[in-house]
Amino acid sequence: MKPLPLNLDAYQLMHDGTLALADIEAAGIRVDVEYLKRSMGKLTEQLDEAERVIWKTGEAREWKSLYKKKTNTDSTTQLSAVLFKRLGYKPTKATRKGNAAVDDEVLRKIGTPFTTAILAKRKLTKVRDTYLTGLLREQVDGVIHPSFNLHLVQTYRSSSDGPNFQNVPVRDPEQGGVIRQAIIPHTPQDQLCEIDYSGAEVRVAACYHKDPAMITYIEDPTKDLHRDMACECYLLKQEQVTKPIRHAVKGGFVFAEFYGSYYENVGPSLWAAANDLPLGLNDNLMPLRDWLIRRGLRTENQFTDHIAAVETRFWDDRFPIYAKWKKQWHKAYLARGYFDTLTGFRCQGPMRRNECINYPVQGSAFHCLLWSLIQLHRWLTANEMNSTIIGQIHDSLILNLAPGEATAVLTKARKIMCHDIRRHWPWIIVPLDIEAEIAPPGKSWNDMESIK
DNA sequence: TCGTTCACGC
DNA sequence: GACGTACGTGAACGAA
């Protein structure tokens, strides 16, 4: 789908966005080349060790006897055959073409020293061969210049490549740490800074469906949807919802439902998650799974039936206007063959129901970030600031702050991102908010701390 | 060269 | 009542 702006304003967003991103790409991002080279060596040692661990297991010897000289511990085809044909494990995932899946979830479920070692090796390989190698390949005089594309993505989001700056590990601190330590400011006096829109997609979705209950959740800081749904999903009181439990329900229920998943998928994954989540009950601690069993939800099936009921209440009782919007929006698309986004772009061509509902939200949320990026970039340039925007990740800006400019830049960024944008786009009917993180002078992307 | 599988991000 | 998680980039394997 090529960008199809419907009005001058929408065209101008792409035009100005392209110019701003071109400046950002040209300036680039500094990486610590010496650190990268050292880390490559260290990773290679760790990989050799991981390989040795694999070869200590009986499964590996079985593998060797099956494939002889062709044995390759990176081959998923071979691994699948060894586990499911030779060793008699039963696949836990529906087989697509050819071989049964041997991905992270499957191998973790098997949980032997052998599969654990394979997973450890995969993680290390990913860090070395995708990220560190990519940074070293793309750097010129210690600076990388990732592309930020506006012309490739179906939803009118951006993408990034050469290297991709939008998928650097962050959730796994082991992986993220190794790579993010390589990303540093342009001078030892400068500071890296990241400014995120909070809940960008949820807020933009509310601008489409206008569900009053959702708007209340957004406007009232004492309300917390993820916490409330954790209470319902896991039969808890508010005080029992810990951070990890809230996080699991946020991804496993709330966002899954927003993206169009349903109880048959959501139930089993929340049931599995309950196995690993501890429930702090004042003096005694038990796994959340045991709590559910004690409350009468004894099996995955019983739990999934319960989630089916939670889901019905979620859409029919809690957010009926949102539910109605989804139905209407899809119906209108089926009748016309296209739909238009709030930012003035037309999406047409064959789309499934979930795509049709998710594209406009995803695209418009990114356009909020892009509009803000353009304004901030112009302001920094016009005022001859030494601070620059160096990247963008869908709903966040990454900056290289020059000494003495942090406060002025952050103040201006907040004004643009939360206030000016609402004058430019009156369709934004909910408040927007940001969160910022900053690293000490000269420190890396791994050293960011929240501010304010 | 290309489709598949896997894994990282939002 | 049935249906069904969105969007990317990139590495490696393995068949063509």
Side-chain angles (χ1 to χ4, degrees), chain A residues 1 67 70 72-81 93 95-107 118-119 121-135 137-138 146-172 174-176 178-180 194 196-202 204-205 250-269 308 311-312 315 326-327 330 347 351-363 365-366 369 391-396 398:
Chain A
M1 211 173 335
Y67 285 95
K70 296 210 161 138
N72 177 356
T73 52
D74 291 332
S75 167
T76 53
T77 314
Q78 292 182 13
L79 176 58
S80 184
K93 230 175 222 187
T95 303
R96 281 180 284 192
K97 314 178 184 217
N99 296 11
V102 286
D103 62 15
D104 178 83
E105 192 190 326
V106 172
L107 295 193
I118 295 280
L119 287 175
K121 190 185 170 210
R122 276 189 192 164
K123 275 201 180 294
L124 294 168
T125 305
K126 183 77 177 167
V127 171
R128 188 188 65 176
D129 295 351
T130 299
Y131 295 104
L132 299 185
T133 303
L135 292 175
R137 184 180 56 242
E138 301 292 345
S147 296
F148 293 102
N149 313 298
L150 293 179
H151 64 301
L152 295 176
V153 179
Q154 295 235 53
T155 60
Y156 301 110
R157 250 199 193 181
S158 67
S159 71
S160 170
D161 61 70
N164 185 349
F165 191 63
Q166 296 180 322
N167 72 343
V168 179
V170 63
R171 294 176 197 181
D172 180 336
E174 293 264 343
Q175 287 182 303
V178 173
I179 301 150
R180 282 167 184 257
E194 185 160 352
D196 294 54
Y197 268 120
S198 338
E201 288 198 13
V202 170
V204 167
K250 174 182 171 181
F253 184 86
V254 179
F255 278 98
E257 291 286 337
F258 287 165
Y259 283 142
S261 190
Y262 75 126
Y263 65 91
E264 291 275 18
N265 296 322
V266 169
S269 84
E311 179 179 298
T312 302
W315 290 114
K326 292 202 297 183
K327 250 193 170 66
H330 184 227
C347 296
M351 279 176 270
R352 287 165 296 193
R353 179 182 166 279
N354 284 340
E355 293 170 332
C356 172
I357 289 161
N358 291 323
Y359 284 11
V361 175
Q362 194 175 96
F366 168 66
L369 188 279
Q392 156 271 127
I393 311 178
H394 307 307
D395 63 358
S396 75
I398 293 87

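Every chain is numbered from 1, with letters handed out A, B, ... down the list of sequences. These numbers come from a predicted model, not from an experiment.
With rounding to whole Å, I357(A) atom CD1 is found 12 Å from dC7(C) atom P. In this structure, F148(A) places its CZ atom 14 Å from C1' of dC10(B), rounding to the nearest Å. Atom P of nucleotide dC8(B) and atom CZ of R171(A) are separated by 10 Å, given to the nearest angstrom. Between the CG atom of L124(A) and the P atom of dC8(B) there is a distance of 11 Å, given to the nearest Å. The CD1 atom of I179(A) sits 9 Å away from the P atom of dG9(B) (whole-angstrom rounding). To the nearest angstrom, P of dC8(B) lies 14 Å from CG of L132(A). Going from atom OH of Y359(A) over to atom P of dG8(C) covers 6 Å, rounded to whole Å.
For dT5(C), the OP1/OP2 oxygens have a side-chain nitrogen or oxygen of N265(A) closer than 4.0 Å. OP1 or OP2 of dC7(C) has not a single side-chain nitrogen or oxygen of T155(A) nearer than 4.0 Å. Residue Q175(A) has a polar side-chain atom (N or O) positioned under 4.0 Å from OP1 or OP2 of dC8(B). Close to dC3(C), at under 4.0 Å from its OP1 or OP2, lies no side-chain N or O of Y262(A).
Minimum atom distance to the side chain of N358(A) is reached by dA6(C), of the listed dA6(C), dG4(C), dT5(C). Nearest nucleotide to the side chain of Y131(A), out of dC8(B), dT9(C), dA6(C): dC8(B). When each of dC8(B), dT5(C), dA7(B) is scored by its nearest atom to the side-chain atoms of K123(A), the top-ranked nucleotide is dC8(B). Listed nucleotides: dT5(C), dA7(B), dC10(B). Nearest to the side chain of V170(A): dC10(B).
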Base versus backbone protein contacts along nucleotides 11-16 of chain C [heavy-atom cut-off under 4.0 Å; B, S, -]: SSSS--

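Donor-acceptor pairing under 3.5 Å, judged by distance alone, is present between the side chain of R157(A) and the base of dC10(B). Counting distance only, with no hydrogens placed and no angle test, the side-chain atoms of Q362(A) and the base atoms of dA6(C) include a donor-acceptor pair under 3.5 Å.
Remark: side-chain polar atoms of Q154(A) are not paired, donor with acceptor, to backbone N or O of Y359(A) under 3.5 angstrom. In this structure, the side chain of D196(A) does not engage the main chain of S198(A) through any donor-acceptor pair within 3.5 Å. When atom types are taken as modelled, the side chain of R353(A) and the backbone of G260(A) share no donor-acceptor pair closer than 3.5 angstrom.
In this structure, dA2(C) makes no Watson-Crick or G-U wobble pair, since no nucleotide meets both defining distances under 3.5 angstrom.
The pair R157(A)-E201(A) meets the salt-bridge criterion, with a side-chain N (NZ, NE, NH1 or NH2) lying under 4.0 Å from an Asp/Glu carboxylate O.
By the 30° and 60° cut-offs, the orientation of the rings of F255(A) relative to Y259(A) is tilted.
Rounded to the nearest Å, the gap between the P atom of dC10(B) and that of dT5(C) is 22 Å.
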